[in-house]
**Student:** 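My questions all concern the structure below.
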Amino acid sequence: MRTVQLKLKQASAVLETSPKELQNLVQFGVVKPKKRAGLFVFDTMTLYAAKLAFFLKTALGANTELLSEFTEALLDRLLSSHEEQASILVFKSRPSAGGIAVEVRVPFGELARQVEERLQRLELYKDLPRGRKRAGWRREFLATLREAARNVGDVSPDEVLKAVRRYRNGKKQSREVTVEAEPETTRA
């Protein structure tokens with residue numbers, strides 16, 4: 001696990017979401033980053049919790065109270081266990097004490113791998129100062145675009161438009177809900 005300390009915009013880039021969405025999770029208490037010098041600082045554990053919250057919000061449409069409880073349970077487990085990260089976590093939620101639990105299986109190993117992969121490209125998410133742009137920013141931006149164009153190779157404008165349309169259409173797809181039966185296990 002890589003140790004990082006990121007500001008909000010950098011963390012949102014790693015999580016592949018908008019800064020406003022991440023800020024909303026922080027304001028509603030779903031994700032609790034540390035605060036230093038008036039700024040929120042996201043460490044690796046907080047990034048994992050935020051990735052889980054976004055996953056559950058997207059997959060289930062869960063409310064912030066439930067998301068907060070799930071992320072808190074995740075952080076408790078990650079901080080207390082010294083074992084290797086589990087590939088699948090099973091969250092159990094009971095509507096009342098002694099009630100029947102609902103289980104939610106989350107592919108946490110895959111979510112953690114996604115965060116780690118994005119952290120490999122951390123130097124792309126530079127922390128820029130607020131306010132006016134610094135001198136030479138336009139030249140730097142154009143140089144970055146030229147380098148990206150070289151890396152892409154020979155791609156026609158039509159291929160770019162098709163890729164953008166595929167990406168947008170993929171985001172519009174509705175979630176898939178399935179039901180699977182598992183054999184009842186006897187408890188000893």
**Student:** Less than 4.5 Å apart, any side-chain heavy atom of R77 and any of L89?
**Tutor:**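 Contact flag for R77/L89 side chains = yes.
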**Student:** L74 versus F108: any side-chain heavy-atom pair under 4.5 Å?
**Tutor:**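 Heavy-atom side-chain distance check passes, below 4.5 Å.
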**Student:** Not counting sequence neighbours, which residues clear side-chain contact (heavy atoms from CB on, under 4.5 Å) with V106? List them please.
**Tutor:**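 V106: side-chain contact (heavy atoms from CB on, under 4.5 Å) contacts with L52, F55, L56, F91, V104, L111.
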**Student:** Would you indicate whether the side-chain heavy atoms of Q5 and K34 approach each other to under 4.5 Å?
**Tutor:**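 They are not in side-chain contact.
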**Student:** Is there side-chain contact between K51 and E16, with heavy atoms separated by less than 4.5 Å?
**Tutor:**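 Yes. Closest side-chain heavy atoms under 4.5 Å.
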**Student:** What are the two closest heavy atoms between L75 and M45, and how far apart are they?
**Tutor:**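 Shortest heavy-atom separation between L75 and M45 comes out as CD2-O, 3.6 Å.
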**Student:** Would you say CD1 of I100 has more than 12 non-hydrogen atoms from neighbouring residues, nucleotides or ligands within 6.0 angstrom?
**Tutor:**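 For I100, atom CD1 is not crowded (no more than 12 foreign heavy atoms under 6.0 Å).
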**Student:** Do the side chains of E116 and Y48 get nearer than 4.5 Å, heavy atoms only?
**Tutor:**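 Contact flag for Y48/E116 side chains = yes.
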**Student:** What are the two closest heavy atoms between R105 and V90, and how far apart are they?
**Tutor:**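 Nearest pair, atom of R105 first, then V90: NH1-CG2, 3.5 Å.
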**Student:** Run R113 and E110 through salt bridge (charged side-chain N to carboxylate O under 4.0 Å, His left out) and show every step you take.
**Tutor:** CA-CA 5 Å; R113 264 191 299 284; E110 182 60 34; 3.2 Å; yes
**Student:** Taking L6 as the fixed residue, which of L119, T46, D43, V41 is the one that meets the side chain to side chain contact (heavy atoms under 4.5 Å, CB included) rule?
**Tutor:**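 For L6, the side chain to side chain contact (heavy atoms under 4.5 Å, CB included) check succeeds only for L119.
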**Student:** How close do A101 and R94 get, counting heavy atoms only, and between which atoms?
**Tutor:**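 Distance-wise, the nearest heavy atoms are CB-NH1, 2.8 Å.
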**Student:** Is there a side-chain contact between L25 and E21 (heavy atoms, below 4.5 Å)?
**Tutor:**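 Result no, sub-4.5 Å side-chain heavy-atom pair not found.
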**Student:** Under 3.5 Å, side-chain donor or acceptor atoms of residues 59-71 against the rest of the protein: list the pairs with distances, not counting sequence neighbours.
**Tutor:**
from, atom 1, to, atom 2, distance (Å)
N63, OD1, E65, N, 3.4
N63, OD1, L66, N, 2.8
S68, OG, G29, O, 3.3
T71, OG1, V30, O, 2.8
T71, OG1, L67, O, 3.1
T71, OG1, S68, O, 3.0

**Student:** Is a side-chain N or O of R118 found less than 3.5 angstrom from the main chain of L15, in a donor-acceptor match?
**Tutor:**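 Answer holds: no.
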